[in-house]
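For this chain, numbers begin at 1 and follow the sequence in order. Remember, it's 1-based here, ligands and their atoms both numbered in the order they're listed.
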Amino acid sequence: MSYDISTLRKFVSPEIVFGAGSRRSVANFASNFGARHVFLVSDPGVVAAGWVAEVETLLVEAGLRCTTFTAVSPNPKVDEVMAGAELYRASECDVIVAIGGGSPMDCAKGIGIVASHGRSILEFEGVDTIRNPSPPLILIPTTAGTSADVSQFAIISDPNRRFKFSIISKAVVPDVSLIDPEVTETMDAYLTACTGVDALVHAIEAFVSTGSGPLTDTHALEAIRLINGNLEALVANPSNPVLREQIMLASMQAGLAFSNAILGAVHAMSHSLGGFLDLPHGLCNALLLEHVVAYNFPSAEDRFRRVAEAMAIDTRSMNGAQVKARLMTRIIELKKTVGLEARLKELGVTTSDIPYLSGYALKDPCILTNPRKSSLRDVQVVYEEAL
Ligand SMILES: NC(=O)c1ccc[n+]([C@@H]2O[C@H](COP(=O)([O-])OP(=O)(O)OC[C@H]3O[C@@H](n4cnc5c(N)ncnc54)[C@H](O)[C@@H]3O)[C@@H](O)[C@H]2O)c1
Ligand SMILES: [Fe+2]
């Protein structure tokens with residue numbers, strides 16, 4: 001019997017332990033993988049927040065050796081991955097743990113790939129390029145977030161091309177994700193806003209993606225509902241543990257959705273922007289979001305109606321134009337309340353940069369699942385509108 005392969009959907013996820021204190025089981029999981037010498041990846045901000053020392057102590061108290069690598073910058077660079085992989089090899093480590101936001105987690109994924117292939121990370125750009133299994137990988141996210149800890153993506157920045165490239169494979173889904181809302185309590189309000197809006201964009205893009213389906217839709221809609229209902233309150237009160245947990249849960253659900261349904265033009269355009277100007281990923285997404293929604297709306301009106309409903313908009317008596325207007329208003333209002341109102345030109349983007357940015361955005365794999373087919377000119381116009 002024949003079947004239409006384009007209608008099939010798959011769902012990949014790591015083993016997840018969710019809840020306050022879950023990070024404390026890190027040594028247990030590492031030991032279960034047979035670890036003797038753990039390679040711990042993080043960055044200076046997460047060290048300063050105190051989370052790295054805690055994990056080191058937990059590992060050492062369990063009788064494990066630990067080599068720590070924290071030379072990772074936001075938008076992790078090719079050289080950082082290669083330096084980490086060299087230290088991993090020289091230290092004869094056998095399990096990788098990362099604690100941090102998307103940057104250390106993606107760097108750790110890259111280190112695992114290089115360690116198991118012995119080649120440059122640049123050779124693994126694209127979809128399904130990985131042949132050898134990576135060392136066991138345990139991720140502890142400290143932002144909410146990129147959800148790199150549940151995703152099939154690793155995003156690495158190549159300064160030579162001023163471009164962030166994607167590695168997409170189920171081989172970069174970690175073995176274990178310890179999702180502990182407590183570690184997000186040291187994020188300031190601005191970082192909370194940037195990373196929370198990133199999660200909102202993941203959920204919206206996954207829901208309207210051409211790769212969406214019943215396995216991911218419920219996660220995407222629940223993530224939108226949770227972020228719409230809790231992010232503004234959390235940014236006003238960043239130390240509230242209940243709100244932290246709600247946004248961490250939302251981030252995880254958005255991650256499960258986008259990892260499997262893939263993303264769209266916001267991410268394609270924001271990867272290009274983030275690689276070109278080394279800007280915070282969540283901020284890039286935030287500045288592009290409503291412009292891409294306006295562009296995509298006619299191609300996925302029914303899906304956007306459900307996004308609007310998840311954002312607590314009663315659409316029952318509205319026509320398409322009214323739904324679009326209310327959804328745009330709500331997105332702009334949410335961004336304003338959490339303090340993400342800048343325009344691209346305030347970040348240093350100029351009109352003359354747009355052709356370069358657009359060329360790379362069209363090469364990003366996320367553009368393939370955008371609900372509206374995009375030409376070079378389409379992408380240029382959206383950048384111009386966000387300028
Ligand atoms: N792999 C994926 O699926 C995926 C998805 C989306 C984004 N990304 C990538 O993730 C990166 C962005 O990650 P991010 O937004 O999580 O930020 P990040 O990891 O770049 O961290 C930003 C800053 O926040 C600090 N920080 C992180 N957690 C903290 C905490 N709990 N307390 C105090 N400070 C903390 C860090 O030290 C750093 O200075 C980008 O490179 C982006 O492309 C990856
Ligand atoms: Fe993202």
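- Applying the side chain to side chain contact (heavy atoms under 4.5 Å, CB included) criterion to Y356, with sequence neighbours excluded, gives R162, F276, Y360.
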For residues 84-91, which side-chain donor-acceptor pairs fall under 3.5 Å, sequence neighbours excluded?
from: E86; atom 1: OE1; to: R89; atom 2: NE; distance (Å): 3.3
from: E86; atom 1: OE2; to: R89; atom 2: NH2; distance (Å): 2.8
from: Y88; atom 1: OH; to: C93; atom 2: O; distance (Å): 3.2
from: S91; atom 1: OG; to: L87; atom 2: O; distance (Å): 2.6

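- Around ligand 1, the residues contributing at least one heavy atom under 4.0 Å from the ligand are D43, G45, V46, P74, N75, P76, G101, G102, S103, P104, D106, T142, T143, T146, A148, S151, F153, I155, K164, V183, T186, M187, L191, T195, D198, H202, F258, H281.
- Of the possible donor and acceptor atoms, none in the side chain of R23 sits under 3.5 Å from a partner among the backbone N and O of I99.
- Between H267 atom NE2 and H281 atom NE2, the angle centred on the Fe ion (ligand 2) amounts to 100° (nearest 10°).
- Side-chain N/O atoms of K164 and N75 include a donor and acceptor closer than 3.5 Å.
- Look at E341 and K335 and you find no salt bridge, because none of the NZ, NE, NH1 or NH2 atoms lies under 4.0 Å from a carboxylate O.
- Y383 pairs by the ring-ring contact (aromatic ring centres under 6.0 Å, His included) definition with nothing, not counting sequence neighbours.
- For the Fe ion (ligand 2), the nearest N, O or S atom contributed by D198 is named OD1.
- The pair K109-D149 does not count as a salt bridge, with every side-chain nitrogen at least 4.0 angstrom from each carboxylate oxygen.
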